[in-house]
Structure formats: structure tokens, C-alpha cells
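This report concerns only the one structure given below.
Naming: A, B, ... by sequence-line order, numbering from 1 per chain. What you see is a predicted model, and the numbers here were worked out from it, not measured in a lab. For the numbers below, each heavy atom of this structure counts, side chains included, while hydrogens, waters and symmetry mates do not.
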Number of protein chains: 2
Amino acid sequence: MLVFKSGKGFMYGVPTLTDVARLAGVSENTVSRVIRNKGPIADSTRTRVTSAIEELGYVPNRAAGSLASSGSMLMGVLLPSLSNIVFPEVLRGIHSALASTEYQALVGVTDYDALTEQGIVSSLLAWKPAAIIMTGFDHTDATRRMLENSRVRVAELMDIDAEPIDIAIGLSHRKAGYDSGRHLISRGYRRFGYVGHDWTADRRARKRYEGLCAALLEAGLTLKAEQRVDGPSSTIAGRDTLARLLTKKPDIEVVVFSNDDMAVGGFFHCLSAGIAVKEKLGLFGFNGLDIGQSLPAPLSTVRSNRFLIGQTAVEKLLESSERPLERQIVDTGYVIIEGATA
Amino acid sequence: MLVFKSGKGFMYGVPTLTDVARLAGVSENTVSRVIRNKGPIADSTRTRVTSAIEELGYVPNRAAGSLASSGSMLMGVLLPSLSNIVFPEVLRGIHSALASTEYQALVGVTDYDALTEQGIVSSLLAWKPAAIIMTGFDHTDATRRMLENSRVRVAELMDIDAEPIDIAIGLSHRKAGYDSGRHLISRGYRRFGYVGHDWTADRRARKRYEGLCAALLEAGLTLKAEQRVDGPSSTIAGRDTLARLLTKKPDIEVVVFSNDDMAVGGFFHCLSAGIAVKEKLGLFGFNGLDIGQSLPAPLSTVRSNRFLIGQTAVEKLLESSERPLERQIVDTGYVIIEGATA
DNA sequence: GGAAAATATGTTAGCGCTGAGATAATGTTT
DNA sequence: AAACATTATCTCAGCGCTAACATATTTTCC
């Protein structure tokens, strides 16, 4: 291992700024400025410093930097879950936008629990992150207060149906549900069923449901049957739940599912039960997942742009480190995918 | 906003340890010890301190803590991609194990690129993480050197077919491929096809392929046909690629896919093309994803325990902060799922 | 009852970096 | 050649916390 002089004598171990400065024959501050590309530096100096860094294999200590500058290149990310493919996709968008920057993601998973979220927010803030990305609008008062006091920029993703703390990025789930209903009604469907999952956790699913009901009501219709499972959405759950729904009400024309996972499960049920999809029973999902589109009959659904949401969040947050005067809402929109199942 | 006395006079803003100490009427160190639960503290003192913390809404500054103790409660996580569902599942395992601790995950995505990985490792190390979790064994020399010098604990996940830096957790993909082959041979299959994806990125898929070929060779057989797509695995890719394979060689009895995504796509192709799965054409995947098991005919495949891998990694790493003398290998195993497609 | 042990708290010196302002070296203008 | 910019560099005081050690204070035990 290398031996070199440091602050108070000979040291073994990790080299510091001081060591680099000594080797390059410049002051610590100059090294610091070379590293951070800040202020004017003579080319010759820069070269000497960079080669000293190279030679020592110096890696800056971010904790020290963060402490001195009371800021960090960290971006806090809070996701409700990683089980639902939607959130890894958001995270993918976040990472893709982060890739071209120096920022790094500090990720926490809340399990759809506002108190867990609160704890994570608190420990995130302890790192003085540049910004925090969270999901939805369900936060505890304490969480809101912490975020308020910290003055850190905050993006709330997925949903835009409420007033954000700072900036919201996503789509109107209520409207998406409503439009789904309108779309299906315009296709001639009248006898609607609904298959969903637990919506105490997934509030957005509920908003879509409400939008759907509003569209039906407006057309003088109602849901003829609905069935919800306890627990998260899954293909299996969709399959079983559609089966149960059809046992109770066999004369449904179209089923709207809480999301694509459920709908794909529904598709599989039809396959097993020999139900002609679309002719006999229409299926409609939400999200526009790949899996749905690769089905023998591409799923009729709504494309939510998860990747884009994550990506946009990062871009918007990095535009300015100060919260803008006006709360901002970015609608990433959605597209109804015709598909072949409804 | 609160006004209180700090180090050098009145300050507005975020309270520090000093403020808490002053309010509670104890020394800073005592507050620090209350927070970190270290050393003996009288109950009365603890109460005074915690209520001072409460009152001020004090949040410790981790950067300062990390600097002072030259360590952090961060765990670096490097994943090659988030597109392949497998890695979010590993991440889920990691988070689930982390949830009961104070540690937090600092996540980076390498895009299967060793140089990108190197850059991320370098910036991770800058935070003095407690440990680093990475995937596979393909690292640059510089990466190895940095990890070596830093002395942090390192887990290499997914694969156990090589010598780890510190600890490897996963399964033998070569053996899994081999066993798949043996299994299918024992089921009477003789005319094998293979449908895969780009394996310059996904080395493990290649190892499984090699294991499969070894099993065939041992039985005096060979692959009758194989088809690989450029690019990552996906349902669509599996579907199209199987179609192409069958055009070239229609008399295959069973197709082994590089993974479940591809195999599910293959299943969909059979559905569209009216090919009786299993009777006419066996399908075999790898991973044991939910989607494969929820197919009308559960996919025959191999269950890799991704969640467990992530979870085990964290547990093992936290067992000791020092690298053990012996490099360690943890085999999380795999299970052949009979399924109904082969 | 006094020494030793156990418990509870305080004091002090940094950890490695950055920000602000001082200083030095160079170039430009009159 | 003096006066002024401009550019490049240095000095130094912290950022907020923790480790190590020193100092009470109480308990235990013979």
C-alpha cells in the first residue's frame, strides 16, 4: 500500500485532498476547484493536479464536501413498491435522466405506508439531497412540514389530481378512467363489469374507477357487476377475479380492469374458459405494459408514460434548485390504445 | 421560522446538535450518544434530549456524521438494468432486508457496461458506504483495485460460477442449464431448439446455454436449431424469434428459451399459430416469473430466487463489516418447475 | 467506611472538504 | 510607468458531527 504524507505525518490508507495538493504542489483549494471545475485554472496547473489525482487514485470524500457546502449530489427517490412493474419503470426513467449528470439516486420503498414514508423522508433529508421525488399526494403532516422546512425541491409523481407541494408530474387518473368509459361506450358497450384490486393502497386505481363510473352515469349507465380482490394487482388475481365476476354475472359485455396486470390475467381466463375475447367479452386495462401488447390479441388499454414521468421529474427538478413561486403541474398525458380486446 | 441560539449567535434555519444540546442542557456528545443509542444514558437525560429533539424538529446531518466517523449507513447497489424484471426483484429483496435496519440503498444502473460500472463504483465509494452490492463478475481492473483499496465489503450477485472479490450469492447458471437439459432429455425430448437474446450483455444466459449444450452432448444429442435476437430479452422478441426458428426448422420437439420473458412470447406465438404446446412443441424457460406461472398452461421453467438473492446479500454483508478471510459463496439454488409446457 | 468497579456525562480535537476574501502574477490602458 | 483590470492562486475558518479520553457521580463489596 502507498505511503504518503498527510496532515499530521505519514499515513497509510486513503489519500485526501491534502495529499493531492502536496503532490501537485498547489493549495488544497486549487485541487478542489479543479475537481469541481469551478473558477479559473491555468492549464498547466490542471494537468499537474489531474495527474496527481490519477497517481494517488484519489477519490473525493463526498461526506466532507457535502458538509462543507451543505448540499449534495444525491436525489432522494421514494417509491411505494417495487413489486408493481410500474415503479421500476419510473425508476428507470429517473436513472436514465440522472445518467448524464453527477447525481445519484438514494432510493427508499414505502410499502404504500405514509408513516414509513415519513421515516424515509427524514433520513433522506439528513443527507441534504438536491431534491426528492415521491409518489402521490398521501403524506403525513409531519412529512409535509419536514419538506417545507428543508426547502428542498420536491416532485410528486404519477398523479396530477391534487395540489402538489412543489411540482406534480403525471396524468389525471380520474380523466383517464373517464375517457376509458367514454371510449368503450362509443364502441357500443353497455353492460360493464369492473375487476379491481385493493385500492386503499393504490389510490390512483380508485380515481380511475371513479372516472369510469362518472362516464357511465353520464351515459345513463351503471356498472352491472364489480369484483375486487384484497391485495395487490397481479395476473393471477386478475384471472381468478374475472372468473368469480363471471360466475355472478355472466351477461357482461366488457370488463374494465384496474390495470394491465389484472387484464392480462383476465385474458388468460378467457383463453382457458374458451371465451372469445372482444366478440363475447371485451377486456380493457390500464398502463399499456409490454406484456399486454404482446398478447396474441394486443390488449386494449391506456398507455401511461411511466418512463417519461420519471425522466421528466428529474429534468424539471434540476432546472432550478429553488422552488418556483408557482406550484407546477406537468401533464405527461396518456393515450388510449385501441388494441384487439375491446 | 424558529429563532434559536447556535454556535455563534442567533441563527435562523436548521437546528443542529448544538441547539439540541443547549435546549436539553447537556453536552453535544450526550445528545449524539442518545441518538446513536451508544453508551450508558440516564433515563431522565434521554427523555430531556428526545423531547428537545422533538421540539426543534432536529434531523441529524448524516454528512457530518459520516465525515466524523468515516463510515455511513449507505449501501451501494449496482444493477445492470431495470428493464429486466429480474433486477427490480433483486432490489426488492435488498430493500426488504434493509427495511429493518438504518441502512439506505444508493442505487446505480450500469447498463451492462463495465466502464459505467467503474464510474459508479467510484462515486459510491466517495460516500464511504457500509458495503457494495454488484451483479456478476465482469469488472474492470480499476474497479477491482478501487474495491480492494477501499476494503468495503462487496457482494457479487446472481452468479456463483467464478471467484468472487469477497462474497458471491446466486446460483450456478451453467449447472441450471445443464439440469434443464437433463430434465428435458429424461422427459423423452430429443430434437432440441434454442431461442435466445443478446448474450454479450447477459453472460449468465450464455452460461445456461453452455450447460444445456453440455447436457445434450453427454446424451449424444445436439441442438437442431438455434436463433438469437440482437438486443435484450422480451416477450415480443421471444414470439418473433420462435416464429423464425420454426420457419427454418419445423420439426423441433422442444425449445429452450434464454428466459421466461422469451418463453412467454414463444407461448403466445404457439397460441396464435395454433401449435399445441407440449404435445406438439415443448417450451422451457428460465426464472420462474409470475407471468409464466399464470399462463393458461403454467410454463415449465427453472425458478431462480431473485428476491432471496437480494435479501441474502444484505444479511450476509451486515454480518460483519470486515471481509472474512475466506471468500464466500452462497448458493441460493434453483428449482425445476415441471409446469405444463414441456 | 474506603477502595474498586460501574455508570453517567463533559472536553477536546479533528474528519476532509468548500466558501469568502486576500494576495500574487499577468495583461492592458493611458 | 503608473493605474487598473483580469486571471490565477492561496489562506483560513468553519460545516456538524463523533472518537477518545477525562471527569464526575453512584453503586458494590469486603
Side-chain angles (χ1 to χ4, degrees), chain A residues 4-9 11 13-49 52-53 56 58-73 102 123 125-128 150, chain B residues 4-9 11 13-49 52-53 56 58-73 102 123 125-128 150:
Chain A
F4 42 84
K5 229 177 170 145
S6 183
K8 17 220 47 82
M11 292 203 83
V14 184
T16 71
L17 244 203
T18 315
D19 300 307
V20 176
R22 201 186 318 267
L23 182 59
V26 297
S27 76
E28 301 183 24
N29 188 295
T30 301
V31 177
S32 173
R33 267 147 56 216
V34 169
I35 290 169
R36 290 174 300 141
N37 250 322
K38 232 183 167 188
I41 297 285
D43 281 348
S44 61
T45 314
R46 187 190 307 280
T47 315
R48 285 218 315 294
V49 170
I53 289 175
L56 295 176
Y58 168 70
V59 176
N61 180 330
R62 303 271 185 171
S66 175
L67 177 58
S69 67
S70 55
S72 80
M73 295 303 256
E102 294 278 277
S123 33
L125 287 176
W127 288 107
K128 310 273 170 202
S150 74
Chain B
F4 42 85
K5 231 181 173 143
S6 181
K8 18 218 50 75
M11 294 200 80
V14 184
T16 70
L17 243 204
T18 315
D19 300 309
V20 177
R22 201 186 318 267
L23 182 59
V26 297
S27 75
E28 300 183 25
N29 190 306
T30 302
V31 178
S32 174
R33 265 143 58 209
V34 168
I35 290 170
R36 289 174 301 139
N37 249 321
K38 231 181 168 186
I41 298 285
D43 281 348
S44 62
T45 314
R46 187 190 308 280
T47 314
R48 285 218 316 295
V49 170
I53 289 176
L56 294 175
Y58 168 72
V59 176
N61 181 331
R62 302 271 185 172
S66 174
L67 178 58
S69 67
S70 54
S72 79
M73 295 305 257
E102 293 279 274
S123 32
L125 287 177
W127 289 107
K128 309 273 169 204
S150 74

**Q.** Any donor-acceptor pair under 3.5 Å from A:S69 side chain to A:G65 backbone
**A.** yes
Q. Is A:R62 close to B:S66 at the side-chain level, that is, under 4.5 Å between some pair of heavy atoms?
A. no
Q: Would you indicate whether the side-chain heavy atoms of B:K128 and A:V59 approach each other to under 4.5 Å?
A: no
**Q.** Presence of A:T16 side-chain N/O under 4.0 Å of C:dG16 phosphate oxygens OP1/OP2
**A.** no
Q | Residue pair B:D19 / B:T16, side-chain donor-acceptor N/O under 3.5 Å | A | yes
Q. Side-chain N or O of A:K38 less than 4.0 angstrom from OP1 or OP2 on C:dG19?
A. yes
Q | Any residue of residues 64-72 of chain B with a heavy atom less than 4.0 Å from an atom of DNA chain C | A | B:L67, B:A68
Q: Check the distance between C:dT18's C1' and A:E28's CD and give it to me in whole angstrom.
A: 10 Å
Q: Give the rounded distance in Å between these two atoms: CD1 of B:I41 and P of D:dA24.
A: 18 Å
(Q) Rounding to an integer number of Å, can you tell me how far B:I53 CD1 sits from D:dG16 C1'? (A) 14 Å
Q) D:dC17 C1' sits how many Å from A:W127 CH2, rounded? A) 12 Å
Q) According to a strict under-4.0 Å criterion, is A:S32 in side-chain N/O contact with OP1 or OP2 of C:dC17? A) no
Q: Kindly compute the distance separating CG (A:N37) from CZ (A:R46), expressed to the nearest 0.5 Å.
A: 5.5 Å
(Q) With a 4.5 Å cut-off on side-chain heavy atoms, are B:N61 and B:V14 touching? (A) no
Q: Whole angstrom is fine here: how far is it from CG in A:L17 over to P in C:dC15?
A: 13 Å
Q: Have a look at A:R36 and say if it touches a base, only the backbone sugar-phosphate, or nothing, with a 4.0 Å heavy-atom cut-off.
A: sugar-phosphate
Q: For A:P60 and for B:V26, find the nucleotide of DNA chain C with the closest heavy atom, then tell me which residue's nucleotide is more 5'.
A: B:V26
Q) Can you check whether A:I35 reaches A:L17 side chain to side chain, under 4.5 Å on heavy atoms? A) yes
Q: Quickly work out the A:N29 CG to D:dC12 P distance and round it to whole Å.
A: 13 Å
Q. Which whole-number value in Å describes the distance from A:I35 CD1 to C:dT18 P?
A. 7 Å
Q: Grab the CZ-P distance between A:R22 and D:dC10 for me, whole Å please.
A: 14 Å
